[in-house]
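Input: a single structure, listed below in structure tokens.
Values below: all heavy atoms of this structure, side chains included; hydrogens, waters and symmetry mates excluded.
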Protein chains: 2
Amino acid sequence: MTGIRQLADYLDISIGTVSRALNGKADVNAETRRRVLEAAEKLGYVPNQSGRSLRKGSTGVVGFMMQTGPEINSQGDAFFMSVFDGVQTVLSRHKLDLVALLCSSNEDPYAYLQRTVARGFADAIILSATRRNDARFELLHRHNIPFISLGRSLTDVGQPWIDLDFEGMAEVAIERLVKAGHRDIGIIWPHGDLNLGYVFADRCREVLAEHGLTLNEDHIFRAKPSEAGGYAVAHEIASRSPRPSAIVLVNEILVTGLYKGFEDAGVKPGKDIAIIGRYSPQAQYLSPALTCFTLSLRDLGISLAEHLLSVIPDYQSHYVGQTSRVIWPMTLIEGTSG
Amino acid sequence: MTGIRQLADYLDISIGTVSRALNGKADVNAETRRRVLEAAEKLGYVPNQSGRSLRKGSTGVVGFMMQTGPEINSQGDAFFMSVFDGVQTVLSRHKLDLVALLCSSNEDPYAYLQRTVARGFADAIILSATRRNDARFELLHRHNIPFISLGRSLTDVGQPWIDLDFEGMAEVAIERLVKAGHRDIGIIWPHGDLNLGYVFADRCREVLAEHGLTLNEDHIFRAKPSEAGGYAVAHEIASRSPRPSAIVLVNEILVTGLYKGFEDAGVKPGKDIAIIGRYSPQAQYLSPALTCFTLSLRDLGISLAEHLLSVIPDYQSHYVGQTSRVIWPMTLIEGTSG
DNA sequence: ACTGCTTCCGAAAACGATTACGGTCTTATA
DNA sequence: TATAAGACCGTAATCGTTTTCGGAAGCAGT
């Protein structure tokens, strides 16, 4: 490992000068700076993370917290990988690195986050899979850590957030189904206590009411966030009587199982039951193609990063004037399922 | 932020004693230790990561390197999340944390890794998506960083690795298809320069040869690792004449598109063309159900972590006698696709 | 009372970087 | 020429830990 000491010895100058040269400080001779940069490149010098962050009090890394385990958030990994990519394009411009903070499925997320922030691991945090009431918000607020969340929560400590437009999705989906003649529309509730379930269901109720319809509470179905969960809930829906003539779901990772479950139960998707969901890579390759809502995940990531930077004191000058709460629009892809 | 200083002042003892008490060193009075533990809990003290790792020369974190972007590795969906979960159950027993090192799609993976290790970010690394020749191995070896890879490579620096048994998969799949009467079997090559493509294809050739058959080089198809890629390659396969009567693929993230592509081309999967692939959450919910190879991802993660620990000096005592190279078996799930 | 042995704890030196401060050397100006 | 200003660089403090070393206190044995 070559440290700043070795580099300084090699160049026969002091470590102070080396550091200043590398960090672009003003008071260093142009020629000296050139030599330092060159030598650093040649010797493969990279400042030690611990030393630097101990001194500076910041680490230069942004953490994206997510939970591991077979039953992941409401999204698949392809979802996050795309979002990450967007986040990174912004962060890299500021020499910030993104790492995923992986909370094990058998550790309490709150405790995990507490441990992570107390250790000073990341300068800023991105939260996802926000719950109806999410204590993590208060934790980060209390520790004064800049953060943003992908998803709203009833808990609000004034932080920025970006959330998908589940209300808009509810409006468009319900309108579309009502227009097509459906009178009994069911929904599939996302698992756990995710806030988006409430947001979505509430808006569905409102829109239905505008048409003189109601959301049958018996037609709010619960499903595990997996293909198997989709298969199971399809059977449950199929066996109900009365059975809803259409289903809207906000979770995209169970739709293949759902289709198969309906088919096996003798209920043809798109014919016997209309289905509207969220985009997933498989969505358009199902038969019938899923009518679904999509968005640019990369752009979402970019926005997430920009809004995050706007609340980090050292960077916010670049991103003033950003709105702090964003409802991210989704667009409808018309399939033949509903 | 409460540091060790505050804690020591609060207890009116020296920071040295506090540190020793917290780290379970021998020479500290039982009563003193109790008081320290209690106060640490009360004040919410957690040792600062930077200070600690600067002194100790190790960070207590293991990095799992992966590339971000919409076209992820060779794996889809819940794959990594499940592996992570296994890795963590082992690491957490040693108070090690797992983070995902996210290499942006527009940064060179080698440069990224170099930067990361030089910074001293992680004590050990897990690599995935190994290439035919993978310079990252030499890099880590040179820097003397303990690591393991999920996947083999021609590049070998004596590190442990675990790889899925693609050769066994080739054997079982080819035998099965030959037994069913297939004489012209095609394969879909995974994208890029992943080593597994070579391993798999080579073994396919050998097994076919044992039956007096050959792998038609024109029937080795290339596909982008996405559902769209699956759709496209299905059309390409369908339009060939002669057309293979069976297809084996090692990439699981394009199978829905593949099915749909075949159907749209008028080639019925499982009837007009046999398909054998890798398990994915959707596999069993396709029609016909995919005949595929599966494994316990969580167990794979556990093994990965154990073998990694066996090459980290401070931990290896716990895991001696581990074989250093593992071919991880997969089991066949009989579907009706082939 | 002296020595030797424990047991416990404090003092202080690391770890590798950044940065405030001050010193030296050059150059410009009176 | 003397002096002030500016450019450049070295010294040393600092961040929060861990860990080595040695000292103090207590006790037992002679």
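- With B:Arg298 contributing its side chain and B:Ser82 its backbone, the two residues share no donor-acceptor pair below 3.5 Å.
- C:dA17 atom P lies 8 Å from atom CD1 of A:Ile15, rounded to whole Å.
- For the pair B:Asn29 CG and C:dG10 C1', the computed distance is 15 Å after rounding to whole Å.
- A:Ser50 comes within 4.0 angstrom of nothing in the nucleic acid, heavy atoms only.
- Residue B:Ile13 is in sugar-phosphate contact alone, with no base atom involved, counting any heavy-atom pair closer than 4.0 Å across all strands shown.
- Counting to the nearest Å, the C1' atom of C:dC15 and the CD atom of A:Gln6 are 12 Å from each other.
- Residue B:Arg20 places a side-chain atom within donor-acceptor reach of the base of C:dG10, judged by atom type and a 3.5 Å distance cut-off alone.
- Put simply, CG on B:Leu54 is 17 Å from P on C:dA13, counting in whole angstrom units.
- B:Gly3 comes within 4.0 angstrom of sugar-phosphate atoms only, judged by non-hydrogen atoms across all strands, and of no base.
- Along DNA chain D, read 5' to 3', the first and last nucleotides having any atom under 4.0 Å from a heavy atom of chain B are D:dG16 to D:dT20.
- Residue B:Asp27 is in base contact, counting any heavy-atom pair closer than 4.0 Å across all strands shown.
- In this structure, a donor-acceptor pair under 3.5 Å is present between the side chains of B:Arg20 and B:Thr17.
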List, one per line, each side-chain donor-acceptor pair under 3.5 Å for residues 2-10 of chain B, sequence neighbours excluded.
from, atom 1, to, atom 2, distance (Å)
B:Gln6, OE1, B:Gly3, N, 2.6
B:Tyr10, OH, B:Lys42, NZ, 2.7

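- Atom CG in A:Asn23 sits about 17 Å away from atom P in C:dG16, given to the nearest Å.
- Each of B:Val18 and A:Arg55 lies near DNA chain C, and the nucleotide nearest B:Val18 is the one positioned closer to the 5' end.
- If you check distances only, the side chain of A:Asn48 never reaches the base of C:dC15 with a donor-acceptor pair under 3.5 Å.
- Of the N and O atoms on the side chains of A:Thr130 and A:Asn195, not one donor lies less than 3.5 Å from an acceptor on the other residue.
- Annotation: the span from B:Asp97 atom CG to A:Arg115 atom CZ amounts to 4.5 Å, rounded to 0.5 Å.
- Side-chain atoms of B:Thr68 and A:Gln88 form a donor-acceptor pair, as typed in the model, at a separation below 3.5 Å.
- B:Thr32 has a side-chain polar atom (N or O) that falls below the 4.0 Å cut-off from OP1 or OP2 of C:dC9.
- Atom CG of A:Leu22 is separated from atom P of C:dT18 by 7 Å (rounded to the nearest Å).
- B:Arg35 pairs by the salt bridge (charged side-chain N to carboxylate O under 4.0 Å, His left out) definition with nothing, not counting sequence neighbours.
- For the pair B:Lys56 and B:Asp12, nearest-nucleotide mapping onto DNA chain C gives the more 5' position to B:Asp12.
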